[in-house]
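Letters A, B, ... are given to chains in the order of the sequence lines, protein chains preceding strands, and every chain is numbered from 1.
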Number of protein chains: 2
Amino acid sequence: MVAGPTSVGPGKDRLRLWIRLLRASRTIEAELRERLKKEFDTTLPRFDVMAALYRSPEGMLMSDLSRFLLVSNGNVTGIVDRLVSEGLVTRARRNGDRRTSMVRLTEEGSKSFAAIAAAHEGWVGELLGNVSEEEARRLTGMLKSFRSNWEGRE
Amino acid sequence: MVAGPTSVGPGKDRLRLWIRLLRASRTIEAELRERLKKEFDTTLPRFDVMAALYRSPEGMLMSDLSRFLLVSNGNVTGIVDRLVSEGLVTRARRNGDRRTSMVRLTEEGSKSFAAIAAAHEGWVGELLGNVSEEEARRLTGMLKSFRSNWEGRE
DNA sequence: CGAAATTATTTCAAGCTTAAAGTTTTATAA
DNA sequence: TTATAAAACTTTAAGCTTGAAATAATTTCG
């Protein structure tokens, strides 16, 4: 996935783009993961879950988290389990529908996340330092159109 | 990591870009992974390793693979183990330096990869279908400059 | 109502991933 | 030489990830 095209011909430009995209995101992701570990003794998946919850003070269902983070249900279960056991998150059974549970950041989780998020934003700014703000906006615009074409087919 | 910025202010454009980039690559990666599984009963990491080896008929060292694919040494060990057990790859001890081993695709591995790679290229073309070839080239160019700024610091 | 389908979630097995520690081999240099 | 360091790789423990199967609660509809 991270290697170059194996032949030449038409349609290769999209393949090259995909490989660049993947290499860029993997490189940055690896660096962020390492810093999260070293500086805050946490992981990217935990950060992702906490970031989602931080934006939803009212809480999120497990399936909301799963959908939003683009990962499987079972995956979220494990990550939330660990966050709960660390006191950063709560899982509250709902009266209305007892299949679901509302997941929320605790006070401690919220404080903890705010500190990590500030550092995280700085790191991203640093790692993408040679992309101008103007260029960043243009790239962002281009990337927005990626999904619309095919997702949600079936 | 996949959530939006948690506040507004200067420097947010790079954070937005990073989030878009990550969402785009995760979405596409998930779709490719699913198709590799369904159509060829294989995985993305296996595909990555085979793609790297396909481009190096003379073979690669474990550490070459690790560096090229941006993953840890131990990770490559496991994936190559499984590919060897499936007869797709060989690991040959070298006379010159007996710490190292040269990893190569077998005949079967090479044939198998060629078929998967053809399908893979088609999928990428499809998934990035609403990015024009021209736009793909421009985006690729922009992404090239990502790493140079900070990586290789040591 | 009550069976059947749907929805939300958890559990499970297998594989991926990392960082750190361990093994073996090669290189360095006192 | 021969200790010591360095390099290449494997192993390990912990956590992440998926898809599929299992549970439990709710909804649908005959």
Among D/dT18, C/dG15, C/dT11, the one nearest A/Thr77 by side-chain distance: C/dT11

Counting just side-chain N and O atoms, does B/Asn75 come under 4.0 Å of either OP1 or OP2 of C/dT18? yes

What is the distance, to the nearest angstrom, from the CG atom on A/Leu36 to the C1' atom on D/dC16? 15 Å

On a heavy-atom basis, which atom in A/Thr140 and which in B/Leu17 lie closest, and how many Å separate them? OG1-CA, 3.3 Å

Can you name the closest pair of heavy atoms from A/Ser66 and A/Val76 and give their distance? CA-CG2, 3.7 Å

Specify the separation, in whole Å, of atom CE of A/Met60 and atom P of C/dA8. 14 Å

With a 4.0 Å limit, can you tell me whether B/Ser63 has a side-chain N or O closer than that to the phosphate oxygens OP1/OP2 of D/dC9? yes

Please tell me which of the listed nucleotides, C/dT18, D/dG15, D/dC9, lies nearest to the side chain of B/Asn73? D/dC9

Rounded distance in Å - CG (A/Asp81) to P (D/dA14): 17 Å

From A/Leu70 CG over to B/Leu22 CG, what is the distance, rounded to the nearest 0.5 angstrom? 8.5 Å

When the distance from CG of B/Leu61 to P of C/dT25 is rounded to whole Å, what number comes out? 17 Å

What residue among B/Glu126, B/Glu133, B/Glu135 forms salt bridge (charged side-chain N to carboxylate O under 4.0 Å, His left out) with A/Arg14? B/Glu133

For A/Phe47 and D/dG15, give me the distance from atom CZ to atom C1', rounded to whole Å. 18 Å

Which whole-number value in Å describes the distance from B/Ile79 CD1 to C/dA14 P? 18 Å

Please tell me if B/Thr43 has a side-chain N or O lying less than 4.0 Å from either OP1 or OP2 of D/dT18. no

Rounded to whole Å, how long is the line connecting atom CZ of A/Arg26 with atom P of D/dT17? 13 Å

State the CG-CZ distance between A/Leu21 and A/Arg26, to the nearest 0.5 angstrom. 11.0 Å

C/dC16, D/dC9, D/dC16: which one has an atom nearest the side-chain heavy atoms of A/Pro45? D/dC16

Spacing of B/Met62 atom CE relative to C/dT24 atom P, expressed in whole Å: 17 Å

Among C/dT18, C/dG15, D/dT11, which is the nearest nucleotide to the side chain of B/Arg46? C/dG15

Of all the heavy-atom pairs spanning A/Ser110 and A/Leu105, show the shortest one and how long it is. CA-CD1, 3.9 Å

Taking only heavy atoms on the protein side, list every residue of residues 85-100 of chain B lying under 4.0 Å from any atom of DNA chain D, sorted numerically. B/Arg91, B/Arg99, B/Thr100

4.5 Å side-chain heavy-atom contact, B/Arg35 and B/Lys38: no

